[in-house]
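First listed ligand is number 1; within each ligand, the first listed atom is number 1.
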Amino acid sequence: MSDPRVYIKDESSGKSLDLPVIRGTEGEPTLVIKSLPSTLGYFTYDPGFTATASCTSSITFIDGGKGILRYRGYPIEQLAAGSNFLEVAYLLLTGELPSGDELDEFHHDITYHTMIHEKLNTFISGFHYDAHPMAMMAGVVGSLSAFYHDKMDMENPEHRMLAAKRMIAKMPTIAAACYRHHMGWPTAYPKNTLNFTERFLHMMFSVPSEPYDINPVAAKALDLLFILHADHEQNASTSTVRLVGSTGANPYACVAAGISALWGPAHGGANEAVLKMLDEIGDVSNVGKFIDRAKDKNDPFRLMGFGHRVYKNYDPRASIIRAAAYEVLEELGTRDPLMDLAMELERIALEDEYFVSKKLYPNVDFYSGIIYKALGIPRSMFTVMFAIARTVGWVSQWLEQEGTPTPIGRPRQVYSGPGERQYVPVETR
Ligand code: ACO
């Protein structure tokens with residue numbers, strides 16, 4: 001069978017064109033439109049890239065209609081049930097699950113890059129105590145290129161992998177340092193005897209005056225959340241990382257840009273916004289009122305943690321997190337009225353014609369905040385948790401792009417400003 005092509009005819013000029021169609025290993029057929037401007041003289045208009053594939057990638061596959069998410073071919077449900085964050089990080093970075101020896105080596109490499117330059121702590125201490133940790137993260141991660149420029153030849157695959165590992169390893173250390181600065185606590189250095197997630201909990205919550213025992217329930221739940229947030233193909237922050245990377249900028253600058261994109265409430269900032277919203281709703285009896293507000297086109301209020309650009313079905317990560325939230329609350333012996341509120345909100349929304357017809361389902365962030373809260377992680381750090389996990393996706397996607405010849409990302413526009421006019425000096429205006 002020959003490759004499919006799509007025939008386009010411009011009635012005004014009589015010119016026509018056969019556009020090739022490419023297919024990935026999975027997913028929708030995609031029209032290759034590169035030749036449109038040079039042949040028919042048209043650009044394409046697609047604000048928000050709702051219909052545009054910006055790259056080919058072999059890392060993550062989503063079928064939004066069916067609610068499928070796979071990392072390198074492995075269903076998220078299987079990874080969530082059987083794997084751990086560092087193994088998933090290896091998978092995303094390299095394309096394959098590691099052997100036991102490979103995993104040990106990777107664990108060693110990450111562990112021995114967790115410390116940050118002492119001057120970075122000085123940098124962090126320069127922020128005001130109440131700075132938002134996402135603002136600090138963007139600044140501090142961007143500054144890493146000033147500290148770790150020893151091996152920054154981006155043509156060299158070993159240097160690229162080193163930068164990727166450094167970022168995965170140092171992100172929890174920086175995140176915990178930002179939190180401790182806010183709390184006014186002394187620096188907690190990474191403990192190499194712990195695993196990735198335990199080490200982070202230790203750096204977050206240990207104080208010099210008493211021993212800190214890692215709660216295995218907390219460590220397991222956080223590790224699960226890290227797995228679920230690790231990658232999500234060409235979302236806004238990952239596309240930002242790729243766009244910045246396409247200019248040849250260093251990887252630390254790319255990830256700092258990704259952190260800034262993630263912070264927005266329409267993206268990773270939603271987990272913080274969900275709890276604010278649940279607080280505002282306050283009581284199950286108010287749910288109907290807020291559902292009505294979310295449906296009102298004249299009200300900017302949206303149900304946070306609901307809806308997704310790609311999922312038009314239940315976000316598979318939300319199902320896993322919902323079940324985990326139950327377990328965590330039960331195992332920690334905590335009752336959180338916000339959980340009851342969230343469940344009632346979900347129940348009513350899923351039966352409401354507005355949400356049903358628009359295919360709006362809970363997304364990954366609807367229940368994640370409830371778990372973070374149960375683990376004692378403050379709200380302002382919720383999106384930072386997301387950034388720690390998503391760093392793996394960002395650097396994997398950046399590595400993939402760096403390994404492929406990629407033109408600089410440069411979209412076009414439909415200009416809607418004035419036509420040419422003549423400059424008039426200020427005294428005669
Ligand atoms: N509450 C109420 N209405 C909604 C919601 C919501 N949460 N989400 C979408 N809609 C409505 C829109 O008003 C729009 O209605 P219309 O067709 O009548 O104009 C329709 O559903 C489609 O919405 P879009 O904004 O076009 O959908 P898009 O794919 O561009 O946006 C987004 C997806 C940004 C996630 C959106 O659903 C939203 O703002 N959700 C709340 C924020 C959130 O939870 N973000 C986290 C996303 S997951 C992540 O990044 C980790």
Salt bridge (Lys or Arg N to Asp or Glu O under 4.0 Å) against Arg23, all qualifying residues, sequence neighbours excluded: none
For Arg180, salt bridge (Lys or Arg N to Asp or Glu O under 4.0 Å) partners two or more places apart: none
Side-chain donor-acceptor contact under 3.5 Å, Ser285 with Asp283: yes
Donor-acceptor contacts under 3.5 Å from residues 410-418 side chains, at least two apart:
{"residue": "Tyr415", "atom": "OH", "partner": "Pro418", "partner atom": "O", "Å": "2.6"}

Neighbouring residues of ligand 1, heavy-atom cut-off under 4.0 Å: Pro265, Ala266, His267, Ala270, Ala294, Lys297, Arg302, Leu303, Met304, Gly305, Phe306, Gly307, His308, Arg309, Tyr354, Lys358, Leu360, Asn363, Val364, Asp365, Phe386
Modelled atom types, side-chain donor and acceptor of Thr238 and Gln234, under 3.5 Å: no
Among Ile59, Val364, Ile62, the one residue meeting side-chain contact (heavy atoms from CB on, under 4.5 Å) with His232: Ile62
